S.K.: 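The structure's right below; bear with me while I get my questions together.
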Amino acid sequence: LFDVLKQQALGGIAYTLSKDQARATAHRISDFVYEKLTGDKGVFSTRIAYVVKRGTRYELQIADADGAGAQTALASFEPIISPVWSPDGRRIAYVSFESKKPIVYVHHVSENKRQVVASFKGSNSAPAWSPDGKTIAVVLSVEGGSQIYLINADGSGPRRRISNSQSIDTEPRYSNDGKFLYFTSDRGGSPQIYRMGATGGEAQRVTFRGSYNVTPRPSPDGRVLAYVTRDGGKFQVALMDLANQQVQVITDSDRDESPSFAPNGRMILLATVIGGRGVLSAVSADGRIKQRLPYAGGDVREPSWGPFTE
Amino acid sequence: MRVILVATLAAGFVLAGCQTTPEDQSAAAVEDRGKPGAKPGASAKSVERPKIAAVDVTQGKKDAASALKDPASILSKRSIYYELDKYDVKDEYRGLIEAHAKYLRENPGARMLIQGNTDERGSREYNVSLGQRRSDGVKRMMVLLGAREEQIESVSLGEEKPQSDGHSEEAWSKNRRSDILYSGEF
């Protein structure tokens, strides 16, 4: 457990949420997990991060995977997006708009402090951790357009540009062995998912079905790629078997985004909108079981499932 | 400096030359010091404190800066709107961009932030990139019209700060936009 962060720069206050709200969510998740994953105790000790919007207030919250013990790591009057856990579970990188433009921060969870890691001219966003936790891939517009760069996770040293196109290259994600980066690019005319070496170089296209495939999220075992596909105006989560390129759409709503694998690869947490409200949804990796996880009194989005921490 | 020196010297001459007429002396001294350009006396009529033409750089800036907020001025118009999936500036906004570029040209110290935005559909991060395309396009146009690169920063807010909260095409069309901000507003 850790203290709530005071957002001093904004003059805002961070306060502990009433436990009632977290508990309702907690019971649903733990029921679901208990029913479907009996004996899989790994995920109970993991944590999740997500963003809650209530009125004009945004909060980055961290909770146990069963939803208990939600705490606010950042409270802001401006949006927060793209939270991602470091591989060691001690830090979260995220994008904050508190300075009227996107800037990437790394939050040290148990020490309750944060640092800016990317604040170049233009926009800074889409952080992704390398498996060794030393490098963060980010998307910068400092040299024009949106391109992928590598920076040291502690913010030191120069940036290294690794994508080189006249198009949008964004949403980088490392493969679990750290050798490749999956990313979204519209270099072919429409947004599709590509893969290139972790230090850049030639990219191969990965998705071919449909005209909008974004947000690549490789599974922890590297066998499957989750992503968001648009079909007939509906945005849904799909899984591609990387061995045979077979695709299965696993959700049936129309505004899905931000899929995040549990560290055991057997569940996916994603954000969706039901009845005008932002809610989280937990889906089994085979798509058969779905559970909705609303947040009382607010819109919840941008989930990120943390790693195993032994 | 030179002017003052001359005046002082002139005063010295006057005083020296008018020892026997104390009235003249004091009158001359007072006149000399009190009124710029006043003639101190017959013997020093070449000395005049020239009028200084005042240059007030605050007035122009105040006028220009207030135009940024004046509803009657085109400079108070700060938003450019886009068709779906587009980032080129429609002809109807050309005049607006020209006016802002002119302001930047004429006010080299002015700083601008351009924020690009999208409607809510699709990936948040991909929308940050699409918004960036929009603000980059406006910046490029302004630089071509004579604004300096250093005066402008183009950024994106993606779908995160909609102008309209609805979920209809009408709302979405208001959210696909670039917003122009000046120092003090960001």
Side-chain angles (χ1 to χ4, degrees), chain A residues 51 53 58 78-82 95-97 99-103 120-128 138-142 144-147 167-173 183-186 190-191 212-216 227-230 233-235 254-258 271 273 276 278 301-302, chain B residues 78 84-87 111-141 143 148-163 165-169 171-172 175 178-186:
Chain A
V51 176
K53 177 176 189 272
Y58 300 82
E78 298 295 344
I80 304 161
I81 64 171
S82 306
V95 179
S96 168
F97 289 83
S99 300
K100 311 292 178 157
K101 60 177 247 189
I103 288 174
F120 299 96
K121 188 173 182 188
S123 298
N124 310 263
S125 70
V138 288
V139 175
L140 307 178
S141 74
V142 62
S146 297
Q147 292 290 291
S167 53
I168 288 173
D169 295 329
T170 184
E171 299 190 301
R173 279 292 162 119
F183 62 101
T184 302
S185 176
D186 62 8
S190 66
Y212 189 104
N213 295 297
V214 297
T215 319
Y227 60 98
V228 175
T229 186
R230 185 188 67 198
K234 294 186 179 196
F235 297 90
D254 56 12
R255 292 181 60 182
D256 298 337
E257 51 185 38
S258 187
V273 177
R301 70 276 291 266
E302 301 291 271
Chain B
R78 306 293 194 81
L84 179 59
D85 288 340
K86 296 274 185 245
Y87 53 95
R111 291 289 174 274
M112 175 187 284
L113 181 71
I114 306 172
Q115 296 171 325
N117 297 265
T118 67
D119 66 42
E120 62 182 343
R121 292 172 287 182
S123 149
R124 287 180 195 270
E125 281 289 356
Y126 186 63
N127 283 340
V128 170
S129 301
L130 289 177
Q132 189 67 41
R133 263 204 185 128
R134 287 176 172 149
S135 61
D136 281 349
V138 174
K139 175 178 175 177
R140 206 175 306 125
M141 225 173 168
V143 171
R148 280 184 6 259
E149 161 84 35
E150 307 78 61
Q151 287 178 282
I152 308 174
E153 183 177 11
S154 54
V155 301
S156 175
L157 303 179
E159 65 181 80
E160 307 303 322
K161 299 289 286 188
Q163 192 177 297
D165 275 328
H167 308 290
S168 60
E169 174 50 42
W172 292 335
N175 297 331
S178 288
D179 288 333
I180 293 169
L181 284 74
Y182 286 90
S183 300
E185 299 166 5
F186 61 90

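Values below: all heavy atoms of this structure, side chains included; hydrogens, waters and symmetry mates excluded. These numbers come from a predicted model, not from an experiment. Letters A, B, ... are given to chains in the order of the sequence lines, protein chains preceding strands, and every chain is numbered from 1.
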S.K.: Any idea which heavy atoms bring R133(B) and I168(A) closest together, and the distance?
M.R.: NH1-CD1, 3.4 Å

S.K.: Contact between V139(A) and V128(B) at the side-chain level, heavy atoms closer than 4.5 Å - yes or no?
M.R.: no

S.K.: Counting only N and O atoms by type, is there a donor-acceptor contact under 3.5 Å from the side chain of S123(A) to the main-chain atoms of S156(B)?
M.R.: yes

S.K.: Answer yes or no: are there more than 12 heavy-atom neighbours, outside F235(A) itself, under 6.0 Å from its atom CZ?
M.R.: yes

S.K.: Pick whichever of D169(A), T215(A), T184(A), D186(A) has the most heavy-atom pairs under 4.5 Å with chain B.
M.R.: D186(A)

S.K.: Non-hydrogen atoms of chain A under 4.5 Å away: do they reach the side chain of I114(B), the backbone, both or neither?
M.R.: neither

S.K.: Answer yes if the side chains of S146(A) and Q132(B) hold a donor-acceptor pair under 3.5 Å, and no otherwise.
M.R.: no

S.K.: Provide the closest heavy-atom pair for P79(A) versus E160(B) in the form atom of the first, atom of the second, distance.
M.R.: CG-CB, 3.6 Å

S.K.: What part of V214(A) is in contact with chain B, defined as an atom under 4.5 angstrom from a non-hydrogen atom: side chain, backbone, both or neither?
M.R.: side chain

S.K.: Based on non-hydrogen pairs under 4.5 Å, which of V228(A), D256(A), I81(A) is most in contact with chain B?
M.R.: I81(A)

S.K.: Nearest 0.5 Å please: distance from the OG1 atom of T170(A) over to the CG atom of L130(B).
M.R.: 9.5 Å

S.K.: Mind checking the CZ-CG spacing from R121(B) to D254(A)? Nearest 0.5 Å is all I need.
M.R.: 12.0 Å

S.K.: Do the charged groups of E120(B) and R255(A) touch, with an N to O distance under 4.0 Å?
M.R.: yes

S.K.: Minimum heavy-atom separation for V155(B) to K100(A), with atom names?
M.R.: CG2-O, 4.1 Å

S.K.: Got a sec: does the NZ of K121(A) have more than 12 other heavy atoms crowding it under 6.0 Å?
M.R.: yes

S.K.: Using atom types as modelled and distance alone, determine if a side-chain donor or acceptor of E257(A) lies under 3.5 Å from a backbone N or O of R124(B).
M.R.: no

S.K.: Are S125(A) and E125(B) close enough that some pair of their side-chain heavy atoms sits under 4.5 Å apart?
M.R.: yes

